[in-house]
Structures are given as C-alpha cells and as structure tokens.
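The structure under discussion appears below in the form of structure tokens.
Quick note: numbers below take in every heavy atom, side chains included, and nothing from hydrogens, waters or symmetry partners. These numbers come from a predicted model, not from an experiment.
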2 protein chains.
Amino acid sequence: MAKMEKLETADSSTEEKIKEAAAKVFTQKGFAATRTRDIAEEAGINLALLNYYFRSKEKLFDLVMMESLQKFMLGVRDILNDVNSSLTEKISQLASHYIDLLKVNTDLPLFILSEIRANPARLEANMGAKEILLQSNFYKQLEATTKKKVDPIHFLMNIFGLTVFPFVASPLLRIIGEKSKTEFDALMDERKKMIPIWMDAMLKSI
Amino acid sequence: MAKMEKLETADSSTEEKIKEAAAKVFTQKGFAATRTRDIAEEAGINLALLNYYFRSKEKLFDLVMMESLQKFMLGVRDILNDVNSSLTEKISQLASHYIDLLKVNTDLPLFILSEIRANPARLEANMGAKEILLQSNFYKQLEATTKKKVDPIHFLMNIFGLTVFPFVASPLLRIIGEKSKTEFDALMDERKKMIPIWMDAMLKSI
DNA sequence: GTCTATAATTCGATAGAC
DNA sequence: GTCTATCGAATTATAGAC
C-alpha cells in the first residue's frame, strides 16, 4: 500500500506521509494511546509539522477513521448488488474480498470496533453503510432464503463472524494454534473456499 | 510487592468498591482512555485513596485484566472436559455459557482483545488457557471429527466467531438491525439453540 | 483510612526563527 | 514548509493533615 515515494509532488508528499503514519499508529494503538509525537516520528518529520498540516490530533484521527471505514466498504457495494450472482456466490465473493483485505490490514476491524465503542458518535456520521447493506440485492436474497423463519441478521452475524472474527482474535488464535503470520494467512485462504460451503450448510439447516 | 499483611472482610470494603469501579471503567474505555479520577469518582472515593490501595494505575489495570481473563475462562474447563457429553453437546453448552456471560458483560471480549493488541506482553502471563483448551477432551473430540482433513483451529474460529463476534460487533449490528438491547439479547438467546445445529451442519460438510 | 493540596511528568499545541 | 523551543492543560502519584 505504502509504496516508497518514487515521485514527490512537493505539495502533497509530506501531508501524505503523515497521514499514512497516522493510520498505522492509530490503528495499532487506538486514539487514546497514540501520541502525536509517535506519529511524527513514524512519518520522519517534526511534531510541529503535524499540527501545521492537520490542525489537531482529533482532526487527523477523524480523517484516518473516515478512510478506514471507506476502506472497509470499498468494493463491497458492487458485490452486494450484482444481479447475476446467487446468494452463495455473493457470500463467496464477500469472504474472498474481506480475507484479502484483512490479510494486509489485520487490525482494521478491531480498530474500527473499539473506537466506535469508545465514541459511538463517530459512527452516526458514516452510516450510509446501513442503507447500502439493507437495500442491497444481497439482503433481498438473504431474506428470500430465510423466509421469515429466522431473522436475516443472524446470517449477517454468521458471515462476518466466520470471516472477520478470526482476524479480530488473531493474536490469541495464533498463539493457541502456534501459527506464524504466513501460516495464519494460509488458513484464512483455506476459509475462502469453506465459508460459502459452511454458510450453505447453515442456511439449509433452518 | 508483597502486601496483604492485613486481612479485611471483602464484603463492602473500599478496596473491593475500587476494584469494581476500575473493572467497569477500564472495560468501557480501555486502559489509555480511562483516568484514575474517573475510577475514583465511580467508586465514590478520593483519588488519593486509589493509590493508597493499589500502587499505580497500571497495577490496578493488571489486576482487572487478570480477573477479566479468569472470568472468560471460568466454568469452561468443566464443559471442555466432561467425559459424558458429545462434541455437539459441548458446543451447545459453550454457546449457552458464553452468551449468558456476554449478555451481562457485553464488552468483555472487545476489552480483552484490544488491550492484548495494544500490549501483547500482557497475554503471555496468562496463557494457561492454551493448555486447558488443547489438552481438553473437547479438543480431542474435535480432532477426531475433523480427521485431519481440516485444521481443527478452523472450528475454534467458527464457534467463537458465531458466539462471541456478535457481541464484539454489537454497536454496529444493533444499528443495522435496529435492535434494542433487549431485542439483541433475545436474538442471542435464539442463537443458543441454533449454533450447535449450525456447527453440526458445518462439521458434516467437510 | 480518608481527605486536600500539590509536586512531577506527560502531551497537545503554538510561537517564532529560518 | 520545516525546524527548535516552550507554554499550558491534563493527569498520575505523593505529602501531609486529620
């Protein structure tokens, strides 16, 4: 993602470096635990410069959080509304999409979820996600399959539980399973194929 | 280091009040975001008194985290090693156990997971959990069922993904599903019955 | 044991030189 | 734009009276 800066357009290079450093540190340590000095050091610049580009720690954080939420939603809309794919195909695509995303951005979901808990107000700004999801073709297919016997929310929980949760709990799971990062990623790649099969089996069991 | 020269009745002692207040505030806001003043206020005592009983914010936190981890493991050992229950029965008992626990302590898992990410060193102290799990009768039954065709870790991920993840993501899920706390808890109660059925279906699909 | 007051430190933000 | 130096607010921890 962060390519070594080949060409430095003089007006945006430093700003971009700071933003990338901020994303890295905020995501790892959370808002409260990160010091603006850490971000400056990570970006290889001075503390004063951070406040020159972004007026405050909080403004920089809001920017990072907004882009994190976008990163989490980017590309999903197309999968959700594909009129030519079945429910199972969409589940397969969602699993693959998120597993590839989270292999590279492992602590993105834990970051988003813990910061939302710490400050739920941040959420309400960016809840276009709710409409995107509930009005999607995917959700209609899910409702048609569950046929009011079970709340479709259960299967949202299941998809994300199977796909995202392993990354959220990866520090624990990697110790329990004695897996290196590479081995853990390989496990997650296996899940790309298994999750749609498992979801099918679950949907048929109701 | 070695204190506790005086023994006190733990009933409504000040020490206990502080510890409960600390657990509440730390769990809600995380280590970095909580101020010792918040804990003191929540406990209805003075800030100085907190440092009188517990030497520092960090020592108090370590205590709270240790008890949180214990709370998460308490009672699980007996379920895991019950020689008279099948794998499916154990899954059913685990799901019920954790759902009841997390209905009351909703942000316990997010607290544990985010603090471990922020400071992985905290984990290594308390990883007796790993042995409890891997040497349990439950894990042997799981290995026997997957028959080396699939890493049993996948099904650990699945059980906890189906059971714990909904609580971790509850701020988001409750908004998406427009559920009150009561309605959300009712959904989780439904999952007590469904999770073992779903897990069975998944295990048969391999 | 419990309080008030304060010391000591950390951290976000700014002033001002270049 | 970028730096050094520093201010001011917030916060942990302690001293000392009762």
Side-chain angles (χ1 to χ4, degrees), chain A residues 5-66 111 114-115 118-119 121-122, chain B residues 1-66 115 118-119 121-122:
Chain A
E5 58 278 18
K6 299 277 204 229
L7 61 147
E8 300 195 351
T9 45
D11 63 328
S12 69
S13 155
T14 301
E15 187 169 346
E16 199 57 32
K17 270 197 305 186
I18 297 175
K19 222 159 64 177
E20 282 170 21
K24 178 172 176 183
V25 181
F26 276 138
T27 304
Q28 260 173 26
K29 317 214 293 184
F31 176 77
T34 88
R35 305 175 310 155
T36 50
R37 281 170 169 80
D38 295 335
I39 297 174
E41 190 185 359
E42 176 74 31
I45 52 95
N46 189 273
L47 170 60
L49 209 51
L50 186 151
N51 286 84
Y52 171 76
Y53 280 105
F54 310 90
R55 290 172 40 83
S56 71
K57 178 186 178 182
E58 191 143 17
K59 288 224 194 313
L60 180 52
F61 177 84
D62 287 341
L63 204 68
V64 168
M65 175 54 77
M66 215 188 60
F111 169 64
S114 35
E115 295 300 334
N119 189 350
R122 296 198 202 285
Chain B
M1 287 279 217
K3 93 182 243 325
M4 29 184 143
E5 61 276 80
K6 300 172 186 174
L7 54 144
E8 302 147 355
T9 50
D11 299 61
S12 60
S13 70
T14 301
E15 187 168 348
E16 199 57 32
K17 270 198 307 185
I18 297 175
K19 223 160 62 180
E20 283 169 22
K24 178 172 176 183
V25 180
F26 275 137
T27 304
Q28 258 173 29
K29 317 214 295 183
F31 175 78
T34 88
R35 306 173 310 154
T36 50
R37 280 170 168 80
D38 295 335
I39 297 174
E41 189 185 359
E42 176 74 31
I45 52 95
N46 189 274
L47 170 60
L49 209 51
L50 186 151
N51 286 84
Y52 170 78
Y53 280 105
F54 310 90
R55 288 170 41 82
S56 70
K57 178 186 178 181
E58 191 143 17
K59 289 224 194 311
L60 180 52
F61 178 84
D62 287 342
L63 204 68
V64 167
M65 175 53 78
M66 215 188 59
E115 294 300 334
N119 188 352
R122 297 198 204 284

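In this structure the side chain of B:Met65 never reaches within 4.5 angstrom of the side chain of B:Phe31, judged on heavy atoms. Contact check for B:Glu15 versus B:Phe54: side-chain heavy atoms found under the 4.5 Å cut-off.
Applying the salt bridge (charged side-chain N to carboxylate O under 4.0 Å, His left out) definition to pairs two or more places apart or across chains, none involves residues 45-56 of chain A.
The CG atom of B:Asn119 lies 7.5 Å from the CD atom of B:Glu58; values are rounded to the nearest 0.5 Å.
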For nucleotides 11-18 of chain C, read 5' to 3', which letter fits each nucleotide if B means a protein heavy atom sits under 4.0 Å from the base, S means only the sugar-phosphate is that close, and - means neither? BBBBB---
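Legend: residues meeting side chain to side chain contact (heavy atoms under 4.5 Å, CB included) with A:Thr34, ordered by chain and number and at least two apart, are A:Val25, A:Phe26, A:Lys29, A:Ile39, A:Lys57.
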